[in-house]
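Whatever order the structure lists ligands and atoms in, that order sets their numbers, starting from 1. Computed from a predicted model, the values in this text were never measured in an experiment. Scope of the values below: all heavy atoms of this structure, side chains included, with no hydrogens, waters or symmetry mates.
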Amino acid sequence: MSFPKDFLWGGALAANQCEGAYLEDGKGLSQQDVMPKGVRGPVTEEPEPDNLKLIATDFYHRYQEDIALLAKMGFRVFRFSIAWSRIYPRGDEKKPNEKGLAFYDKVIDECLRYGIQPLITLSHYEMPLYLCRTYDGFRSRKVIDFYVTYVRTVMERYHDRVKYWLTFNEINVTLISPLLGAGIMTPKDKLPMKERFQAAHHQLVASAWATKIAREMDPSVKIGCMAASAPRYPMTCGPEDMMAMVTSQQELDYFIHVHCTGTYPYYAKRMWREHGAELKIEEGDWEILKNTVDFVSFSYYSSKVVAADESKYEMANGNIMRGLKNPYVPYSDYNYPIDPEGLRYILNYLCDHFHKPLFVAENGIGAREKLVENNGKMTVMDDYRIDFHREHIAAMERAIEDGVEVWGYTTWAPIDCVSAASAEMEKRYGFVYVDRNQDGSGSLERYEKKSFAWYQRVIATNGAERG
Ligand code: BG6
């Protein structure tokens, strides 16, 4: 048996992609409400009715039914995020919104009732829109204080019941998509890389504050960082491609390094120099950054191929990050590379570089799906999803056998939700189908897909039965 007996099997969701109820019980707006088409679409002045996230999959009203489904699969952990804008609707209030806090009380208690550990992401691509508009998100140091107030509030309220926390979802995405990652309203093409590095510094300091607060509140709490981690492969064994791979990989490692050591890595100076960045680091920042994480978590969807001269090659598709087409791996419906061995590789790589326990916080396959009748029940015959997870779990098991310490595996996303990159409902990742269509129609009823019973068996046998 390779998986430790207390291995945390489960799944992950994010508030803005599943809750809906966007103005209910005092909730404020967030950047997600003005991104109706996701990262590549326009930013609107006001929320638009065709933004599927306004209702999403209605987790806000159906959390009991959804958590019951997760419990039926045998989940040991449920990763979800708190919507910052439910707790502080504008972001700068003196007092939190009690109704927002009460909602997460109920979600946490519901998980615990079934013996499911909550794993909370403090900020998953979501910040009060007022902070985005007034301060340009994390471009301003001031937002660190608002984040700290928010974190203190939720940790005070929940720390006795929640042992696992993540500070920011995919923090390295700030360099690629500043609005999604750091709430920065200035359009990306008007925001030079040097500004993004500065915003990322503010976010790294904020992240370390969260760790400090968690430790002070309860030393038994486990707090981790979270990064989008496509391992880089060189297109050829030519030395220039190899070096392109190294420098591209460093764009991910940079963030994890700060979280694990409290210092910037040696190559940071080169990166800043190349982008003309002169980071403003205040005296007290170094002290705060010393609050390093207990574990490193990451999302893994696929590897990414890079080359010194990328114009010579065909690009592959990808969500937020794209690489070159890899001729050695198959591709999904969405033309994303499928590379289970890449998960073993990145687990070994991160273990070797950062010497911390690891957590696979997201892994999954998005597909266009239709309900069909099977044995008198409506379902989705998603054998490709079973294959995807089976192979990735096998790769993770090989990494554990290699000696890597892995605490858990939360699939993205156990219940269909609105996609992050394109804000569409059509791209489904769940073991549970939600009857909601791209045009907003649908009953919101839940249906177990074929993969539901498969994952249930995997968890029941602690990963042993994957057939
Ligand atoms: C991760 C995000 O990058 O990818 C999730 O943390 C997201 O929020 C997931 O949903 C899948 O991407 P998408 O765009 O297909 O939903």
Below the 3.5 angstrom mark, is there an N/O of [X], backbone or side chain, next to an N/O of ligand 1?
X	answer
Ala14	no
Met226	no
Asn169	yes
Glu362	yes

Distance-only donor-acceptor hits, side chain of residues 167-175, under 3.5 Å, sequence neighbours excluded:
unit_1 : atom_1 : unit_2 : atom_2 : d
Thr167 : OG1    : Ser207 : OG     : 2.7
Asn169 : OD1    : Arg79  : NH2    : 2.8
Asn169 : ND2    : His124 : NE2    : 3.1
Glu170 : OE1    : Tyr125 : OH     : 2.3
Glu170 : OE2    : Ser299 : OG     : 2.6
Asn172 : OD1    : Ala228 : N      : 2.9
Asn172 : ND2    : Ala228 : O      : 2.9
Thr174 : OG1    : Ile171 : O      : 3.4
Thr174 : OG1    : Gln203 : OE1    : 2.7

Closest protein heavy atom (residue, atom, distance) for [atom]:
atom	value
atom 14 (O) of ligand 1	Ala421 N, 2.7 Å
atom 12 (O) of ligand 1	Asn319 ND2, 2.5 Å
atom 10 (O) of ligand 1	Gln17 NE2, 2.8 Å

request  = Mark yes or no: Lys106 above the aromatic ring of Tyr63, with NZ or CZ under 6.0 Å from the six-membered ring centre and no more than 45 degrees from the axis.
outcome  = no
request  = Measure from NZ or CZ of Arg428 to the centre of the six-membered ring of Tyr433, then state whether that distance is under 6.0 Å and the direction lies within 45° of the axis.
outcome  = yes
ask   = Heavy atoms, side chains only, cut-off 4.5 Å: are Phe7 and Val406 in contact?
value =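 The answer is yes; the side chains approach within 4.5 Å.
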message = Would you say that Gln117 contacts Tyr164 through its side chain, given a criterion of any heavy-atom pair below 4.5 Å between the two side chains?
response = yes
Test item, Tyr301 contacting ligand 1 (heavy atom, 4.0 angstrom) =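 Judged by the 4.0 Å heavy-atom criterion, Tyr301 does count as contacting ligand 1.
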Could you list the atoms of ligand 1 found under 4.0 angstrom from a heavy atom of [X]?
X	result
Ala420	7 (C), 8 (O), 10 (O), 13 (P), 14 (O), 16 (O)
Lys427	13 (P), 14 (O), 15 (O)
Tyr429	11 (C), 12 (O), 13 (P), 15 (O)
Glu170	1 (C), 2 (C), 3 (O), 6 (O)

task = Give every residue pair that meets the ring-ring contact (aromatic ring centres under 6.0 Å, His included) criterion with at least one member in residues 15-62, sequence neighbours excluded.
result =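 The answer is Tyr60-Phe103.
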task = Flag the pair Arg385 and Glu369 as a salt bridge only when some basic side-chain nitrogen lies within less than 4.0 angstrom of an acidic carboxylate oxygen.
result = yes
inquiry  = Regarding Asp339 and Tyr328, do their side chains bring together a donor and an acceptor under 3.5 Å, going by distance alone?
reply    =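 No, because no side-chain N or O of Asp339 sits under 3.5 Å from a partner of the opposite role on Tyr328.
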